[in-house]
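Working notes for the structure below.
The chains referred to below are lettered A, B, ... by the order of the sequence lines, with proteins before strands, and numbering in each begins at 1. No experiment lies behind these values; they were computed from the predicted model shown.
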Amino acid sequence: MNYDKIMKLALERGFFFPSGEVYADSTAGFWEYGPTGVSFKNKFIELWRRELVRKDRMMEIDGSQIMSQSVFEASGHLSSFADPIVKCQKCKSTYRADKLVAEIVKIEVPESIDTSEIDKIISEKNVVCPKCKGDFESTRRFNMMFKVGIGPESENAFLRPETCQSIFIDFPRLFKTMRGKLPIGIAQIGKSFRNEISPRQSLLRLREFYQAEIEVFCNPNKLNELDKFSAVENTELNLFINGNIQTVSCKKAIDENILPNKLVAYYLGLLAEFYQKTGIDMKKTRFRKLGEKEKAFYATAAFDFEVETSIGWLELVACNYRSDFDLKGHSNKSKEKFEVLDQDDKVLPHVFELSMGIDRSLYSILEHNFHEDEKNDRTFLSLKPYLSPIHVGVLSLVKKDGLAEKTNEIFSQIRIKYDAFLDHSGTIGRRYRRLDEIGTPLAITIDHQTLQDKTVTVRIRDSMNQERIKISEIDSFVAEATAFP
RNA sequence: GCGGAGUUAGUCCAGACUGGCAGGACGUCAGCUUCCCAAGCUGAAGGCCGCGGGUUCAAAUCCCGCACUCCGCACCA
């Protein structure tokens, strides 16, 4: 299975690996990026910045990872980001208490129900463990946020479960000082933390993970007044709604009322254009409209951008229309004003968010670009050159006759500007294979002819073809081949 | 959390049943072959056999606990 092959590649070639693996008490759900992975991740982030932040003239911030209790009281995470769970006394099976009770007793159970209410229903209706008929322990709430104690008095605070809360909180200051005008996107990249009960599958379900979040603040009365919509009107979206998949342009999605408004369609379009450029196979992607029960507690409309991998459909981006849920919550709690002027209207902006999982995206790109080339006895990653961890290998055909020295010299000329990798050892074919495995698009080889006429060969990863260029042309050649689109 | 299967070199795996020197392949490194696609030859490094405890003269091997990984279940704003 390709998942296993990607994992092996990741471990062997420095993409990512488990955190703290030399210690037996290292816990699941924490992974680290190695040199190859960091280089790849940095380039992915740069592409995100270019295609979303810069293209749409967003603001980018970098907020705290630890935030006080009030933040999460206002955001709803303290009460709603916790599931009521019950545990069987006998067989120790754990269940979602509200769901279990709803199913067995056939009654509606509100998500915010008090745990004592659930216990009452359980004892009154004699609800027992479906597996072993055992009795339950008392219902308790399992909050997925990591709690931390600040200072000597251990004041309550939490590691953020999503990066966006600081965007909401910072919004009034940013809007005023940075001369904001609706609609405006505020973006942030950083780590978020969730105490998953059962993390699985390496980068796909982590307890500590990277998010790239964009919160678009807008006037809810002007969701169809968006001049820039014309930029994406021909961009195609794979929309998966109520079990039907259809590929339509953004324009058609609006004209036929498939999407609720131009603002939503515009950002889904931008997102699709971004992923196109990551090298993900867009034929294996879809925007799935979430049903009422699947949506997050703050969302009024939600689309998940999903990608098909060897282990099934994977959610990469949650696109939620959060209405004024967050700004209203923070406004009530903090007594600060979050309304802003939009021309002459005083409005509490609504928010549409694009909440991207970076780690999952990186995995998906690797899997969609992984190839086993049996004819040439190699595996390679067909990564976009601008995302490749190494842009160019610099190799000496043989070490002697002054070729090694010349190779070092050429490497020194380009190694600051590009991610270049110097390699003298082993046979040339093996060195090309190694570069192929991490998706290096170019390899420059210095041979005997180099010393005579100041030319080198450039070997292209995908075709394995070679051409000869002048040393003086290396810079412009590599620059062009590895430029962002 | 539950059930099942696993964990031995960077990777994949043998050895375990029947306790007795820690092995193989690939990879890595150095050298040779004057060499443009994983060739060959020579040599080398790399392991507290997941962690902790127990039984034993002796434990990778038997027993107990824990952690992690994978597969199901449950969970996953």
Side-chain angles (χ1 to χ4, degrees), chain A residues 1 3-5 7-14 17-30 34 72 75-77 79-88 90-97 99-100 111 129-132 142-145 161-162 164 192 194-202 204-207 290 294-299 302 304 311 315 318 320 322 325-326 353 355 373 375-380 395-401 403 424-437 443-449 456-459 461 464-466 468:
Chain A
M1 189 165 131
Y3 174 81
D4 298 321
K5 290 172 184 167
M7 286 308 299
K8 186 178 176 190
L9 180 69
L11 291 168
E12 282 186 331
R13 294 285 175 241
F17 43 83
S19 180
E21 54 186 340
V22 301
Y23 286 108
D25 65 350
S26 295
T27 43
F30 299 93
F72 300 110
S75 73
H77 284 89
S79 55
S80 301
F81 200 57
D83 295 329
I85 55 173
V86 283
K87 195 173 183 179
C88 171
K90 200 167 140 197
C91 73
K92 307 293 180 198
S93 296
T94 308
Y95 302 90
R96 263 289 286 271
K99 290 191 174 175
L100 183 78
E111 203 185 298
C129 174
K131 268 190 196 158
C132 73
F142 175 72
N143 195 295
M144 304 231 316
M145 287 194 292
E162 52 179 7
C164 59
S192 290
R194 295 179 191 178
N195 200 358
E196 295 283 353
I197 297 169
S198 170
R200 287 276 166 93
Q201 289 166 325
S202 63
L204 305 185
R205 201 137 132 233
L206 294 161
R207 287 185 168 131
L290 269 57
E294 293 179 288
K295 291 186 302 197
F297 62 86
Y298 45 68
D304 278 353
I311 52 169
E315 174 196 338
N320 294 307
R322 299 175 74 125
F325 182 93
D326 302 279
E353 85 171 347
S355 175
D373 178 357
K375 179 164 153 263
N376 294 300
D377 195 16
R378 64 173 186 158
T379 62
F380 70 104
L395 317 175
S396 49
L397 185 61
V398 293
K399 256 183 272 190
K400 49 189 181 180
D401 302 334
L403 292 187
H424 294 302
S425 68
T427 61
I428 195 74
R430 185 181 297 278
R431 283 177 278 163
Y432 287 146
R433 294 297 181 281
R434 262 198 300 252
L435 291 167
D436 285 343
E437 270 192 81
I444 288 170
T445 301
I446 286 76
D447 57 16
H448 290 96
Q449 192 180 330
V456 296
T457 63
V458 179
R459 182 255 196 191
R461 174 194 66 202
M464 296 173 69
N465 289 337
Q466 284 178 284
R468 194 162 267 279

By side-chain contact (heavy atoms from CB on, under 4.5 Å), A:Leu11 pairs with (sequence neighbours left out) A:Phe17, A:Pro18
Residues in side-chain contact (heavy atoms from CB on, under 4.5 Å) contact with A:Ala318, at least two apart in sequence or another chain = A:Asp304, A:Glu315, A:Asn320, A:Ser355
Counting only Watson-Crick pairs (N1-N3 plus N6-O4 or O6-N4) and G-U wobbles (N1-O2, O6-N3), all under 3.5 Å, who is the partner of [N]?
N	result
B:U56	none
B:A14	none
B:A9	none
B:G46	none
B:U34	none

Separation of B:A74 atom C1' from A:Met144 atom CE, nearest Å, is 13 Å
Which value, in whole Å, describes the distance between the [atom1] atoms of nucleotides [N] and [M]?
N	M	atom1	answer
B:G15	B:G54	P	29 Å
B:G27	B:C36	C1'	22 Å
B:A60	B:C75	P	43 Å
B:G23	B:G65	P	32 Å
B:A14	B:U7	P	8 Å

Sequence neighbours left out, what passes salt bridge (charged side-chain N to carboxylate O under 4.0 Å, His left out) with [X]? Give chain and number order.
X	value
A:Arg322	A:Glu162, A:Asp326, A:Glu353
A:Asp447	A:Arg468
A:Arg13	A:Glu437
A:Asp373	A:Arg378

Nearest heavy-atom pair of A:Asn195 and A:Arg207: which atoms, and what distance?
-> OD1-NE, 3.6 Å
State which residues pass side-chain hydrogen bond (donor to acceptor under 3.5 Å, both in side chains) with A:His448; sequence neighbours excluded, sorted by chain then number.
-> A:Asp401
Name all residues meeting the side-chain hydrogen bond (donor to acceptor under 3.5 Å, both in side chains) criterion together with A:Ser19; count only those two or more places apart in sequence or in a different chain, and write none if there are none.
-> A:Glu32
When every nucleotide of nucleotides 25-35 of chain B is labelled 5' to 3' by its protein contacts under 4.0 Å (heavy atoms), B for base, S for sugar-phosphate only, - for none, what sequence of letters results?
-> --SSSSS-SBB
Letter per nucleotide, 5' to 3', of nucleotides 41-48 of chain B [B base touched, S only sugar-phosphate touched, - untouched; heavy atoms, 4.0 Å] | --------
What does A:Asn376 touch in the nucleic acid at a heavy-atom separation under 4.0 angstrom: a base, only the sugar-phosphate, or nothing?
-> nothing
Answer with base, sugar-phosphate or nothing: what part of the nucleic acid does A:Glu437 contact at a heavy-atom distance below 4.0 Å?
-> base
Enumerate the protein-to-nucleotides 5-14 of chain B contacts in which both atoms are nitrogen or oxygen and the separation is below 3.5 Å.
from  : atom 1 : to      : atom 2 : distance (Å)
B:U11 : O4'    : A:Glu12 : OE2    : 2.9
B:U11 : O2'    : A:Lys8  : NZ     : 3.1

Given that A:Gln466 and A:Glu315 both sit by RNA chain B, which one's nearest nucleotide is further toward the 5' end?
-> A:Gln466
Check if the side chain of A:Arg205 and the base of B:C75 share a donor-acceptor pair of N or O atoms closer than 3.5 Å.
-> yes
Geometric cation-pi criterion A:Arg459 and A:Tyr432, 6.0 Å radius, 45° cone | yes
Polar atoms only, N or O, under 3.5 Å: list the protein pairs with nucleotides 65-69 of chain B and their distances.
from  : atom 1 : to      : atom 2 : distance (Å)
B:A67 : O2'    : A:Ala24 : O      : 2.5
B:A67 : O2'    : A:Ser26 : O      : 3.4
B:C68 : OP1    : A:Ala28 : N      : 3.4

